[in-house]
Amino acid sequence: MQINILAIESSCDDTSISLVQNGVILSNITANQEIHIKYGGVVPESASRAHMENLLPVVKASLHKSTMRLSDLQCIAVTKGPGLLGSLIVGVSFAKGLAMGLNLPLITVNHLEAHVASLLIDRENVQYPFLCMTVSGGHTQLVIVDENLNMKIIGQTIDDAAGEAFDKIGKLLGLPYPAGPHIDKLSELGEATFSFPISKMSEYNYSFSGLKTSVLYFLKKELEKNPEFISQNLNNLCRSVQDTIIESLLRKAKMAMIDHGIKTIGIAGGVSANRGLRSKLTNMADENQWNVLIPKFEYCTDNAAMIGFLAHKKYQKNQFANIDFTPLARYPIGAQ
Ligand code: KG4
Ligand code: ZN
């Protein structure tokens, strides 16, 4: 029997709809909200409004691409959290309306578990347990995943997420929001000529707010001497910051892999699109003879494909939601 799932992701500022057939992604269409660029960050109320405006056109486009109709669906899946509450409410209300109107069951998905599961899309013969480093705008976590997709967080950031560090430092450098992809691009043209400190946190935890502060003071000092310092050194500044973040991320991941005797490592979340991180992770895995799981670019940043993919696994286990559930701004991995 074909299981066709329409999946909805609206936890932050991307409105995404995916059609997933028996775990295979047929379409995955995302509307990014450019409205936030001029404010240098996501404005929650504008995000909710934009989700409301974007949802229907994105649903139509995604159905069209998959050549499916609403009458072909067996299930509706939606992100329950974590995320911006207003954004989640728009997606969840839409999902409930659709499920009630079409008389279909609903499946709720944890956004962070979906990022981890995105490593399994289009992939067979994955060796368990594996370690997933989830690096996004809101989270930085090291998660051990077993063959039943049980996930255990063994380390995380105590302050800013890795993506947040890219974005906040990028803002100091005058780059548009979100700065991560810009820093990635400019880094390719630069050298790591400046050195910034790596926070020494206990165990497998991270901290990135110190790096932001150290870049802030460094820039202040240099700009006093030379007002053109940033524009004259932008590529090298980007490369230096990017290499520091990557070094900090990979150090702890390596420690966790060795301590736990794990042989497969993956990255997920928006920052996993970073080319420097992808290539340094691949080198580290090669040196240690580990398998490496890197998602396709389209499954790195927020997307509904990962929601539909994990929902299909939950469908097979009959893990349906009661229609009266409410979205959760805070929703840790593993919570019900
Ligand atoms: O997973 P995601 O789309 O949304 C959250 O759940 O947070 O991640 C967005 C984050 C942003 O901080 C953005 O700057 C970062 O991912 N990002 C990148 C790159 N592409 C997106 N950071 C570094 N390099 C990239 N290429
Ligand atoms: Zn995300």
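In this chain, numbering begins with 1 at the start of the sequence shown. Just so it is clear, the model here is predicted, and its values are computed rather than measured.
In terms of heavy atoms, Cys238 sits closest to Leu173 at SG-CD1, 4.1 Å. Closest non-hydrogen pair, Thr79 versus Ser11, comes out as CG2-CB, 4.0 Å. The minimum heavy-atom distance between Asn235 and Leu189, with the atom names listed, is ND2-CB, 3.5 Å. Scanning all heavy atoms of the two residues, the minimum distance from Ser62 to Ile17 falls at OG-O, 2.8 Å. Counting all heavy atoms, side chain and backbone alike, Ser248 lies closest to Ile198 at CB-CG2, 3.8 Å. Across all non-hydrogen atoms, the minimal contact from Phe309 to Ala117 is CE2-O, 3.5 Å.
Of the possible polar contacts, none joining the Gln156 side chain to the Leu142 backbone as a donor-acceptor pair under 3.5 Å is found. For the pair Ser136 (side chain) and Gly269 (backbone), a donor-acceptor distance under 3.5 Å is absent. Between the Asn205 side chain and the Thr157 main chain, no donor and acceptor come within less than 3.5 Å of each other. The closest donor-acceptor contact from the side chain of His260 to the backbone of Ala256 lies under 3.5 Å. Under a 3.5 Å cut-off, the side chain of Asp146 and the backbone N or O of Leu149 do form a donor-acceptor pair. Of the possible donor and acceptor atoms, none in the side chain of Asn233 sits under 3.5 Å from a partner among the backbone N and O of Leu237. Ser240 places a side-chain N or O within 3.5 Å of a backbone atom of Phe194 that can act as its donor or acceptor partner. When atom types are taken as modelled, the side chain of Thr140 and the backbone of Ala161 share no donor-acceptor pair closer than 3.5 angstrom. For Asp159 (side chain) and Phe208 (main-chain N/O), a donor-acceptor pair under 3.5 Å exists by modelled atom type.
Between Asp243 and Lys280 there is a salt bridge, since at least one side-chain N of the basic residue sits less than 4.0 Å from a carboxylate O of the acidic one. With respect to the salt-bridge test (charged N to carboxylate O, under 4.0 angstrom), the residues Arg49 and Glu45 do not qualify.
Residue Met201 is found in a hydrophobic cluster whose other members, listed by chain and number, are Ile158; membership requires side-chain heavy atoms under 4.5 Å apart, directly or through intermediates.
In this model, no donor atom of one side chain and acceptor atom of the other lie less than 3.5 Å apart for Glu191 and Asn236. Judged by distance alone, the side chains of Asp14 and Asn32 do bring a donor and an acceptor atom under 3.5 Å apart. Side-chain polar atoms of Thr15 and His51 form a donor-acceptor pair below 3.5 angstrom.
Leu106 is connected to Val59 through a chain of hydrophobic side-chain contacts under 4.5 Å among Ile, Leu, Val, Met, Phe, Trp and Tyr, so both are in one cluster. If you chain together hydrophobic residues whose side chains sit under 4.5 Å apart, Tyr331 and Ile89 never meet in one group.
In this structure, OG on Ser18 lies 7.5 Å from CG on Leu26, to the nearest 0.5 angstrom.
Remark: aromatic rings of Tyr177 and His182 are distant, center separation not under 6.0 Å.
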Step by step, would you call Asn303 with Glu9 a side-chain hydrogen bond (donor to acceptor under 3.5 Å, both in side chains)? CA-CA 6 Å; Asn303 66 88; Glu9 157 61 36; over 6 Å; no
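For the pair Arg251 and Tyr204, the cation does not sit on the ring face, since its NZ or CZ is not both under 6.0 Å from the ring centre and inside 45° of the axis.
A side-chain hydrogen bond (donor to acceptor under 3.5 Å, both in side chains) check over residues 160-169, counting only residues at least two apart or in different chains, returns the pairs Asp160-Lys168, Asp160-Lys212, Glu164-Lys168.
Other residues, nucleotides and ligands contribute only 12 or fewer heavy atoms inside 6.0 Å of the CE atom of Met100.
Of the candidates Leu277, Asp184, Ile169, Asp184 is the only one forming a side chain to side chain contact (heavy atoms under 4.5 Å, CB included) with Gln242.
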